[in-house]
Amino acid sequence: MTTVTLQAITFDLDDTLWDNHGVMERTETGHYAWLDQALAEWQAHRGEAPEVGFAERFPLSAYQARRLELARRYPLRRGDFSWLREHALASLLQAHGLPRSDASRWAARAMQRFMVLRHEVSPHPEVEAMLEALGSRYRLASITNGNVDIRRLALHRHFPVAIAAGEMFTPKPDPRPFLAALARLGTAPSRALHVGDSWKEDALPARRLGMQAAWIAGADVGLPTGIHRLAHVRELPELIAWLENQQ
């Protein structure tokens with residue numbers, strides 16, 4: 001029987017500690033609509049309103065396509081979603097006729113609105129108490145490919161270590177975000193558990209490093225040794241209790 005003595009737990013954020021689909025839908029449409037309206041008002045005030053509005057000329061699909069284009073052109077930035085968004089907006093605004101300085105300024109303002117909406121997340125009801133309890137027994141860290149700044153959330157107090165993998169230019173499944181977190185936690189992979197919703201970006205890379213992995217997924221499938229399926233993060237304390245009993 002494999003002995004598991006946990007010292008640390010690392011967490012993915014989006015779709016692990018909260019449901020992120022609705023957040024991203026509201027954020028995506030909300031900041032783009034804000035930009036379209038605010039820009040139109042600014043241009044009208046200056047007597048420079050174009051015949052075709054920004055979002056009419058460049059619908060949301062054009063914005064999404066420009067981000068993909070930039071990710072292909074700058075592969076090191078493919079996981080830096082904030083950079084991709086801001087530069088895609090600036091390039092579209094220039095194509096809309098704004099001078100470069102104004103395009104950059106409005107892109108930055110739109111991203112400020114984006115980040116406000118992006119952080120309107122609602123953690124699962126069980127998460128706060130669960131992290132409080134786990135933090136008293138284990139070292140905790142967050143590892144995310146997303147552009148949530150954990151410092152802007154109330155949950156940040158539970159995570160003395162927070163890794164933004166995209167900003168490191170090494171998004172998961174690259175092992176380096178995991179190794180960075182483990183180094184800052186002072187924990188060997190064999191003494192750590194990673195919790196996340198992605199098979200490719202969470203479960204597999206964590207296990208390859210020798211960590212235990214809790215994979216949050218709906219499908220009940222056979223899993224390799226060391227990867228444990230959870231239907232919801234609320235089941236994590238039960239898994240940890242089971243792991244502790246294997247010692």
Side-chain angles (χ1 to χ4, degrees), residues 2-20 79 121 123-124 126-128 130-148 150 153 155-247:
T2 302
T3 298
V4 178
T5 305
L6 291 179
Q7 290 181 339
I9 307 172
T10 61
F11 288 86
D12 174 55
L13 297 177
D14 293 328
D15 291 317
T16 295
L17 299 184
W18 55 77
D19 290 326
N20 199 51
V121 302
H124 298 304
E126 306 88 351
V127 163
E128 174 68 34
M130 182 186 70
L131 292 177
E132 182 75 34
L134 292 177
S136 67
R137 299 168 56 197
Y138 306 101
R139 306 163 197 167
L140 304 184
S142 64
I143 308 174
T144 181
N145 279 358
N147 48 11
V148 163
I150 193 69
L153 302 179
L155 292 182
H156 84 278
R157 68 189 186 90
H158 300 296
F159 295 108
V161 174
I163 303 296
E167 295 176 7
M168 294 172 58
F169 305 151
T170 56
K172 299 177 295 183
D174 192 296
R176 284 173 285 185
F178 297 91
L179 293 172
L182 292 170
R184 292 175 61 182
L185 292 169
T187 303
S190 61
R191 308 290 293 276
L193 167 70
H194 180 68
V195 185
D197 69 294
S198 173
W199 176 256
K200 177 182 177 182
E201 296 175 356
D202 292 303
L204 283 183
R207 191 59 191 145
R208 286 168 180 161
L209 286 174
M211 303 172 71
Q212 294 285 316
W215 177 44
I216 300 172
D220 191 1
V221 296
L223 297 174
T225 300
I227 297 180
H228 314 277
R229 193 193 70 83
L230 304 177
H232 192 281
V233 74
R234 71 171 68 94
E235 299 174 356
L236 181 61
E238 183 179 351
L239 170 63
I240 292 173
W242 181 84
L243 289 173
E244 289 176 337
N245 286 334
Q246 304 308 299
Q247 299 176 33

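Values reported hereafter were calculated over all heavy atoms of this structure, with side chains retained and with hydrogens, waters and symmetry mates removed. Computed from a predicted structure; not experimentally measured.
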Looking at every non-hydrogen atom in both residues, tell me the closest pair between [X] and [Y] and how far apart they are.
| X | Y | answer |
| --- | --- | --- |
| H156 | I150 | CB-O, 2.9 Å |
| E201 | S198 | N-OG, 2.9 Å |
| F159 | S142 | CD2-N, 3.6 Å |
| P160 | L140 | CD-O, 3.4 Å |
| A141 | L185 | CB-CD1, 3.8 Å |
| G196 | T16 | CA-OG1, 3.5 Å |

Item checked: Partners passing ring-ring contact (aromatic ring centres under 6.0 Å, His included) against H124 (at least two apart in sequence or in another chain) -> H232
For a 4.5 angstrom cut-off between non-hydrogen side-chain atoms, does [X] reach [Y]?
| X | Y | answer |
| --- | --- | --- |
| M168 | D174 | no |
| W18 | V127 | no |
| Y138 | I240 | yes |
| L155 | P123 | yes |
| I216 | D12 | no |

Can you measure from [atom1] ([X]) to [atom2] ([Y]) and round to the nearest 0.5 angstrom?
| X | Y | atom1 | atom2 | result |
| --- | --- | --- | --- | --- |
| L209 | L179 | CG | CG | 5.0 Å |
| H228 | E235 | NE2 | CD | 13.5 Å |
| T10 | I163 | OG1 | CD1 | 10.0 Å |
| F169 | R176 | CZ | CZ | 11.5 Å |
| T187 | L6 | OG1 | CG | 10.0 Å |

Notebook entry, point to check: Do W242 and Q246 pass the side-chain contact (heavy atoms from CB on, under 4.5 Å) test, and can you show the C-alpha distance, the side-chain angles, and the key distance before you say yes or no?
Noted result: CA-CA 7 Å; W242 181 84; Q246 304 308 299; 3.3 Å; yes
Next item on the list: Take M211 and L182, measure what side-chain contact (heavy atoms from CB on, under 4.5 Å) needs, and give me the verdict at the end.
Entry: CA-CA 10 Å; M211 303 172 71; L182 292 170; 4.1 Å; yes
Check: What residues form a salt bridge (charged side-chain N to carboxylate O under 4.0 Å, His left out) with D197, not counting sequence neighbours?
Finding: none
Note to self: Could you go through H194 and D202, starting from their C-alpha distance and side-chain angles, then the distance that decides it, and tell me whether this counts as side-chain contact (heavy atoms from CB on, under 4.5 Å)?
What the structure shows: CA-CA 7 Å; H194 180 68; D202 292 303; 2.8 Å; yes
Keeping the roles fixed (side chain from [X], backbone from [Y]), state whether a donor-acceptor pair exists under 3.5 Å.
| X | Y | answer |
| --- | --- | --- |
| N145 | P171 | no |
| R229 | W215 | no |
| R139 | A192 | no |

Margin query: Quick one, L134 with F11, criterion side-chain contact (heavy atoms from CB on, under 4.5 Å). Give me CA distance, side-chain angles, the key distance, then yes/no.
Written below: CA-CA 12 Å; L134 292 177; F11 288 86; 4.0 Å; yes
Check: Do R157 and E132 sit within salt-bridge range, that is, some charged N less than 4.0 Å from a carboxylate O?
Finding: yes
